[in-house]
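Here is the structure we will look at.
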Amino acid sequence: MSNSSSRLTADQHTLLESALASGSGTGAVTRSQRQKIREICVAAGDRARRPEQLLVAFKISLTELVNDAKIPLGDERSALIDRFVSVFIEELYRSDAATRMTADGDPRGQESPLTIPPKTPDLSDARL
């Protein structure tokens, strides 16, 4: 899995490294970290790769950086990775939605991919 489609660019990797290093210690993704993750998404530019490929590349780079930072396996590490991946997905689709706007700012008839249905009573705790 070492081909270029499964890797962030050097600039994107540097942004991610900076975002990871700028943590607040509170557990939440900071505004600064979110901005850097947004820049990674914007740097993807014309979307030569599908969003799924970008997500894989992001996760690979994030895992490498977390390993390099010697963050031990466990709940804190998993939570950190989960938070960064969630923000990346939010920003990726926010960036994608912005590129689907027409010149006058109207959407091209597409709904936001982040539409979340309302919680259904009695089904929210169902187990499969």
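What you see is a predicted model, and the numbers here were worked out from it, not measured in a lab.
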Exercise. Would you find a donor on one side and an acceptor on the other, under 3.5 Å apart, between the side chain of Ser18 and the backbone of Thr14?
Worked result: no
Exercise. Is there a donor-acceptor pair under 3.5 Å between the side chain of Ser22 and the backbone N or O of Ala19?
Worked result: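 Yes; at least one donor-acceptor contact below 3.5 Å.
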Exercise. Given Cys41, which of Ile89, Leu92, Leu54 fulfils the side-chain contact (heavy atoms from CB on, under 4.5 Å) condition?
Worked result: Leu92
Nearest-0.5 Å distance that lies between atom [atom1] in [X] and atom [atom2] in [Y]:
| X | Y | atom1 | atom2 | result |
| --- | --- | --- | --- | --- |
| Ile37 | Ser86 | CD1 | OG | 9.5 Å |
| Ser61 | Leu8 | OG | CG | 3.5 Å |
| Leu16 | Phe58 | CG | CZ | 5.0 Å |
| Phe88 | Arg34 | CZ | CZ | 12.5 Å |

Problem set entry | Heavy-atom check, side chain of Arg38 versus side chain of Arg94, under 4.5 Å | yes
Exercise. Considering only heavy atoms from C-beta outward, does the side chain of Gln33 approach that of Arg83 to under 4.5 Å?
Worked result: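 Gln33 does not reach Arg83 side chain to side chain.
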Problem set entry | Qualifying side chain to side chain donor-acceptor pair (under 3.5 Å) pairs with a residue from residues 68-80, counting only residues at least two apart or across chains | Asn67-Arg77
Problem set entry | By side-chain contact (heavy atoms from CB on, under 4.5 Å) - contacts of Thr9 (at least two apart) | Asp11, Gln12
Exercise. What residues form a side-chain contact (heavy atoms from CB on, under 4.5 Å) with Glu39, not counting sequence neighbours?
Worked result: Leu15, Gln35
Problem set entry | The single option from His13, Gln53, Glu64 passing side chain to side chain donor-acceptor pair (under 3.5 Å) against Arg7 | Glu64
Problem set entry | Closest non-hydrogen atom pair, Leu62 against Phe84 |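 Where Leu62 meets Phe84 most closely, the heavy atoms are CD2-CB, 3.6 Å.
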Problem set entry | Cationic N near anionic O, under 4.0 Å, Glu91 to Lys36 |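 Salt bridge: no.
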